[in-house]
Amino acid sequence: MGDRTLRRTGARQNGHVTDAPSSTESTDRTVTLPIAVVSLLAVVLSAIPLLLLDPQADDGFAVFAAVAGVPMLASAVVILIVSRTVGSSRRFSPRALWWVLVVMPLGILACSVPTILGNAEYFEAETAGGFIGTLALMLGIIVFAMALGGLVWFFGLFPLDMVVRLVERRVRGERISAGMFVVPLVFLALGAVIVIGGLSLDGLAPGRIAGGQILGALLGIPGTYDVAWPAGLWIVRILVAALLLALVVPAILRRARTRGRAPSGETAPQD
């Protein structure tokens, strides 16, 4: 009976104490499990276009989406999971990251091997050196895309998570001002401007010259750039105008309120 009682609470035997499983172990599992699920799901989603679609169709879009788009989004989701864990003061073990840092890239790379071998001429992998070079290029693209996942998190998932948390607090009855939604919505708009703007314009020059081309495109000034998506360019213009209004209008209103309160604070002269 005594042994059964001490099995979970800890026993002192031979001068040592056997403690019960700590709550931190379950906390590690609650963090590791979603990271593992996201990483494995990314491998499956990458395997679908790599193994089932024609890698030469649409200038290799299927391969690019598999080795760049999927790991970029997956790393952004993992960063969100880690940030929410750290923000809630829960214990986080870096060992959980091996799923996204090792398992996911190597799994996607393994799925690309049949595609490379089946299209050796297209990938210039007809020799052993060419095959190894193609694999190294694929791995480099995967790692670079995972790094870009930080930008996806910063301009997309992070502000979206802020909005969701504010809405949750509002539903619980907490007092949330409308101004608290401005910052995350501005970040979301900036992310949309970057993505849609990149899809709308083509033929941009490298370096600082591109800044002038982008400004000219927004203002409708003809230039050396090409408009690949006219509707997207109008969306960018609307978002930029909304951003300017969100930043300028509150400042004007604060200044007007300050001027309106100034006369009321003065005391009238008395005889």
Side-chain angles (χ1 to χ4, degrees), residues 72-73 75-77 79-84 86-89 147-271:
M72 179 172 60
L73 295 177
S75 64
V77 174
I79 294 174
L80 176 64
I81 295 172
V82 174
S83 64
R84 295 205 70 169
V86 175
S88 60
S89 300
L148 290 180
L151 293 177
V152 176
W153 167 79
F154 187 76
F155 287 106
L157 298 185
F158 173 61
L160 185 61
D161 183 53
M162 291 178 62
V163 173
V164 171
R165 293 191 183 197
L166 290 174
V167 172
E168 290 177 350
R169 292 173 57 185
R170 191 72 174 264
V171 171
R172 289 197 299 264
E174 299 184 25
R175 186 175 181 180
I176 303 297
S177 63
M180 299 179 68
F181 288 90
V182 173
V183 173
L185 292 179
V186 166
F187 274 93
L188 284 173
L190 284 175
V193 167
I194 294 173
V195 174
I196 300 176
L199 296 175
S200 302
L201 298 178
D202 196 8
L204 297 178
R208 299 180 179 177
I209 302 178
Q213 291 178 306
I214 294 173
L215 181 60
L218 292 177
L219 297 177
I221 301 174
T224 57
Y225 58 86
D226 297 325
V227 180
W229 185 20
L233 186 58
W234 276 106
I235 294 174
V236 171
R237 289 168 178 164
I238 294 173
L239 290 175
V240 171
L243 285 173
L244 293 176
L245 290 175
L247 296 175
V248 173
V249 171
I252 295 176
L253 293 177
R254 285 195 298 268
R255 189 170 182 179
R257 286 195 296 266
T258 303
R259 288 183 176 180
R261 287 195 299 264
S264 62
E266 297 177 358
T267 56
Q270 299 179 355
D271 297 335

Do [X] and [Y] come within less than 4.5 Å of each other through their side chains, counting heavy atoms only?
X      : Y      : value
Arg165 : Asp161 : yes
Ile196 : Trp234 : no
Ile79  : Phe158 : no

Locate the shortest heavy-atom distance separating [X] from [Y]; write the atom from each residue and the value.
X      : Y      : answer
Gly149 : Ser75  : CA-OG, 3.2 Å
Leu188 : Gly156 : CD2-O, 3.4 Å
Leu233 : Ala217 : CD2-O, 3.8 Å
Val152 : Met72  : CG2-CG, 3.7 Å
Ala228 : Leu199 : CB-O, 3.9 Å
Gly232 : Ser200 : C-OG, 3.1 Å

Checking Leu166 against Arg170 for the side-chain contact (heavy atoms from CB on, under 4.5 Å) test, could you report, in this order, the C-alpha distance in whole Å, the side-chain angles of both residues, the deciding distance, and whether it holds? CA-CA 6 Å; Leu166 290 174; Arg170 191 72 174 264; over 6 Å; no

With Tyr225, which residues qualify under ring pair (Phe, Tyr, Trp, His ring centres under 6.0 Å), at least two apart? none

Using the six-membered ring wherever Trp is involved, compare the ring planes of Phe155 and Phe187 and label them parallel, tilted or perpendicular (cut-offs 30° and 60°). tilted

With rounding to the nearest 0.5 angstrom, report the [atom1] to [atom2] distance, [X] to [Y].
X      : Y      : atom1 : atom2 : value
Leu185 : Leu160 : CG    : CG    : 9.5 Å
Glu174 : Glu168 : CD    : CD    : 10.5 Å
Ile214 : Leu219 : CD1   : CG    : 12.0 Å
Leu245 : Ile252 : CG    : CD1   : 9.0 Å
Arg169 : Arg175 : CZ    : CZ    : 12.5 Å

